[in-house]
Amino acid sequence: MRETPEELNELQRLLDASLSRSTAHLRSIIDTDRTLTAEQLIQVVTGMCTLALSTVTATGEPRISGVDGHFLHGKWHFGTARGAAKARHLATRPVASAAHMRGEDLGVFTHGTVEILNPKDGEPAADWPDLLAYFKDFYGEDSFDWDNDVVYYRLHPHWMTVYAADTAQLAAQSDSRPPIDHTDRSV
């Protein structure tokens with residue numbers, strides 16, 4: 001768990017507001033018995049989670065591709081090659097949707113605006129050094145030319161909802177994982 005109490009509260013407000021302003025159809029599928037709280041969500045989406053990321057072309061056509069997602073501080077973080085089509089899309093149209101799905105058991109759906117964390121010719125995000133240390137630890141120090149090969153993003157959600165078919169089963173699965181150091185708030 002890397003979220004501060006303030007970040008957890010912000011995430012819970014977002015989850016509640018997103019579901020409350022969703023369509024009646026969506027609310028009939030995702031109700032209070034089939035969703036997760038912010039506290040539960042951060043226990044379930046740990047480590048690398050494959051995301052289906054949707055961007056938009058210059059002509060308004062949707063494009064979807066996969067990225068490694070890391071849920072840190074209540075937001076998705078992901079990277080791609082600097083020359084990837086999605087990087088070009090996000091450079092000019094910094095909106096994206098992301099979905100993390102685990103079969104029929106879990107779906108985390110997010111819409112928002114991206115922030116480039118390590119721009120090639122600009123100042124990195126204030127927390128980029130901590131995030132970079134996390135990514136290097138996760139992928140390996142020498143996996144990439146971190147300054148030139150990859151660009152990382154943070155998806156600032158304006159809408160996020162979670163579908164959980166069986167909240168007790170998901171909680172049990174997260175309980176069987178090694179304990180998380182709650183004192184380490186870096187990254």
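None of these values were measured; they are calculated from a predicted model.
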What heavy-atom pair brings [X] and [Y] nearest, and what distance separates the two atoms?
| X | Y | answer |
| --- | --- | --- |
| E3 | F71 | OE2-O, 4.0 Å |
| A96 | L53 | CB-CD1, 3.9 Å |
| A87 | A81 | CB-O, 3.6 Å |
| L8 | A38 | O-CB, 3.7 Å |
| R2 | L72 | CD-CD2, 3.4 Å |
| P157 | T110 | CB-CG2, 3.5 Å |

Which residues satisfy the salt bridge (Lys or Arg N to Asp or Glu O under 4.0 Å) test with E6, sequence neighbours excluded? none

Going only through I, L, V, M, F, W and Y residues with side-chain contacts under 4.5 Å, is there a path from [X] to [Y]?
| X | Y | value |
| --- | --- | --- |
| V95 | F109 | no |
| I116 | L51 | yes |
| I64 | V108 | no |

Considering only heavy atoms from C-beta outward, does the side chain of [X] approach that of [Y] to under 4.5 Å?
| X | Y | answer |
| --- | --- | --- |
| H111 | L155 | no |
| L15 | T35 | no |
| W159 | T161 | yes |
| C49 | R102 | yes |
| W76 | V45 | yes |
| L131 | Y152 | no |

Using the side-chain hydrogen bond (donor to acceptor under 3.5 Å, both in side chains) rule, collect all pairs that involve residues 78-90, keeping only residues at least two apart or in two chains. T55-H89, S65-K86

Heavy-atom neighbours of E104 CD exceed 12 at 6.0 Å: no

Side-chain donor or acceptor of [X] paired with backbone N/O of [Y] under 3.5 Å:
| X | Y | result |
| --- | --- | --- |
| N118 | V150 | yes |
| H100 | T50 | yes |
| W146 | E141 | yes |
| W128 | L117 | no |

Rounded to the nearest 0.5 Å, what separation is found between the CG atom of N9 and the CG atom of L14? 12.5 Å

Drop me the distance from R154's CZ to D127's CG, to the nearest 0.5 angstrom. 4.0 Å

Worked verdict on F78 versus V114 for side chain to side chain contact (heavy atoms under 4.5 Å, CB included): CA-CA 10 Å; F78 61 90; V114 299; 4.0 Å; yes

Would L36 and L106 satisfy side chain to side chain contact (heavy atoms under 4.5 Å, CB included), going step by step from the backbone distance to the final call? CA-CA 10 Å; L36 299 175; L106 176 69; 4.0 Å; yes

Name of the residue among E10, E115, E7 meeting salt bridge (Lys or Arg N to Asp or Glu O under 4.0 Å) with K75: E10

Assess the residue pair F144 and F135 against the criterion (side chain to side chain contact (heavy atoms under 4.5 Å, CB included)); give the C-alpha distance rounded to whole Å, side-chain angles, the decisive distance to 0.1 Å, and a yes or no. CA-CA 11 Å; F144 310 103; F135 292 127; over 6 Å; no

Would you please indicate if the ring centroids of H70 and Y139 are separated by under 6.0 Å? yes

